[in-house]
Structure formats: structure tokens, C-alpha cells
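Beneath this line is the structure, given in C-alpha cells, with notes to follow.
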Amino acid sequence: MDTMTCIKNRRSVRRFTEQEVPDEILEELLEAVRWAPSWHNTQCWEVVVVRDKDNKEAIIEQLSPGNPSARGVRQAPVVLVFCARIGISGYIKGNPLTVKGDWSMFDMGIAGQNFCLAAHARGLGTVHIGAFNHKQVDRILGLPEEVESVEIIPLGYPAHPGLKPTRKEKQQFVHYEKYAVSTRSDPG
Ligand SMILES: Cc1cc2nc3c(=O)[nH]c(=O)nc-3n(C[C@H](O)[C@H](O)[C@H](O)COP(=O)(O)O)c2cc1C
């Protein structure tokens with residue numbers, strides 16, 4: 001599958017069949033995480049692979065009320081919790097280098113999407129899930145203080161293709177040379 005086809009045809013999948021995900025495919029998808037770019041190659045990700053039914057149920061209880069992916073997390077044979085080691089990405093000698101502070105969310109987004117695209121290329125479905133009680137999930141997974149959950153990604157074979165939501169047209173978000181003449185004062 002070429003890159004553009006993979007990017008454009010990947011959909012959020014929220015219903016899965018019972019078909020197991022072979023270990024070697026999961027390993028390949030985790031390899032896609034491994035090769036994601038990150039701030040100064042800090043690779044702040046920690047990935048928890050959950051297959052146990054009770055463990056999954058404990059996580060499902062922490063999803064936001066009415067989260068449309070709850071059933072998908074229950075059905076998926078594998079659920080991954082993407083976590084970030086805080087305080088390294090975007091930092092130099094313990095201090096944030098930019099006004100953006102901790103860049104772990106950025107690195108995690110790339111790593112998570114690498115995973116989802118690699119899964120799609122293998123005929124597997126995923127969905128990024130961000131709406132949940134992160135502190136409770138951190139506790140359930142036994143994460144140390146410096147590691148925080150960021151997103152949950154269920155993985156499995158799609159029961160049916162995800163719906164294709166519309167997208168903005170490029171002219172609605174692409175700006176050439178400048179967005180506008182700046183009215184901001186010089187930040188120094
Ligand atoms: C950071 C992030 C958080 C998301 N959180 C949730 C979520 O909590 N529940 C859910 O069902 N989908 C969630 N989604 C999936 C989006 O709703 C979905 O990507 C969007 O509607 C576009 O659909 P598509 O992925 O099929 O292109 C999330 C996506 C992203 C990128």
C-alpha cells in the first residue's frame with residue numbers, strides 16, 4: 001500500500017471481530033512506534049499491551065461517559081495504552097527549551113499515528129482514544145510518577161469499515177507566506 005493511500009484510507013475503527021492479532025504482527029506495529037521521530041531522539045514513549053479481560057474492563061470504566069469507542073475496547077483482542085515519560089522531551093538539562101514546555105504529547109501523537117498507519121497497512125483497525133480519566137488509568141497500570149498515560153489504542157480486525165468523516169478543504173487551512181499582517185508586539 002502506498003503512503004498516500006494508507007493515510008487517506010485509514011479510519012477510526014470502533015467495532016472489531018474476535019480474530020486474534022498474531023504476535024508477529026503486533027511486534028511489527030511496535031517496530032513502527034520504535035522508529036517514530038522524537039524531540040532530540042528522546043523516545044519518551046512507554047507502551048502497555050493489555051489483553052487481560054479484567055484489566056480491559058478496568059480501563060473501560062475510565063473512558064469518558066458515552067465514549068463511542070467503549071464497545072471497541074471491549075471487543076478488541078489487544079488494547080495498547082500509549083504512555084509518556086514526562087520531563088525529557090523538549091528539555092535541555094532539566095529546563096524546557098521552548099514556550100511549548102513538554103513536547104511529549106507531540107512525540108506521542110507521531111508514535112501513535114505511526115502505529116495506526118502500520119496497522120491499517122496490515123488490514124487491522126485502530127482508533128486513538130484520548131477522552132478518559134488519565135490519572136485513574138495511570139494508577140490501574142501501576143505507572144511510576146514520571147510516566148503518564150496519553151492515549152488508548154484498541155487493535156483488531158475491523159468488523160466493518162469506519163465511517164469517513166469529511167475534512168476541511170486545503171484552502172481553509174493552508175496559508176502562503178503569512179497568515180496575515182501581524183498586529184502582535186515583538187515578544188523579544
Ligand atoms: C487525540 C485524539 C483523541 C481522540 N479521542 C477519541 C475518543 O476518546 N473516542 C473516540 O471514539 N474517538 C476519538 N478520536 C478519534 C477521532 O474522533 C477521529 O480521528 C476523527 O473523528 C476523524 O475520524 P477518522 O479517524 O476516521 O479519520 C480521537 C482522535 C484523536 C487524534
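Predicted, not measured: the structure shown is a model, and the values here were computed from it. Ligands are counted one by one from 1 in listed order, and the atoms in each one are counted from 1 as well.
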Ile25-Val49 co-clustered via ILVMFWY side chain contacts under 4.5 Å: yes
Per-pair distances, ligand 1 N/O vs protein N/O, less than 3.5 Å:
unit_1	atom_1	unit_2	atom_2	d
ligand 1	5 (N)	His128	O	3.3
ligand 1	5 (N)	Gly130	N	3.0
ligand 1	8 (O)	Asn67	ND2	3.0
ligand 1	8 (O)	Gly130	N	3.4
ligand 1	8 (O)	Ala131	N	3.1
ligand 1	9 (N)	Asn67	OD1	2.9
ligand 1	11 (O)	Arg14	NE	2.8
ligand 1	11 (O)	Arg14	NH2	3.3
ligand 1	11 (O)	Ser69	OG	2.7
ligand 1	12 (N)	Arg14	NH2	3.1
ligand 1	14 (N)	His128	O	2.9
ligand 1	17 (O)	Arg14	NH2	3.3
ligand 1	19 (O)	Ser12	OG	3.3
ligand 1	25 (O)	Arg10	NH1	3.0
ligand 1	25 (O)	Arg10	NH2	3.1
ligand 1	25 (O)	Ser12	N	3.4
ligand 1	25 (O)	Ser12	OG	2.6
ligand 1	26 (O)	Arg11	NE	3.0
ligand 1	26 (O)	Ser12	N	2.8
ligand 1	27 (O)	Arg10	NH2	3.3
ligand 1	27 (O)	Arg11	NE	3.4
ligand 1	27 (O)	Arg11	NH2	2.8
ligand 1	27 (O)	Arg167	NH1	3.3
ligand 1	27 (O)	Arg167	NH2	2.7

Closest contact, heavy atoms only, Gln75 versus Lys56: C-NZ, 4.4 Å
Aromatic plane relationship, His175 with Tyr179 - under 30° parallel, 30 to 60° tilted, over 60° perpendicular: tilted
Min side-chain heavy-atom separation Leu80-Leu30 under 4.5 Å: yes
Geometric class of the Trp39/Trp103 ring pair [parallel <30°, tilted 30-60°, perpendicular >60°]: tilted
Distance-minimising heavy-atom pair for Arg85 and Glu46: NH2-OE2, 3.1 Å
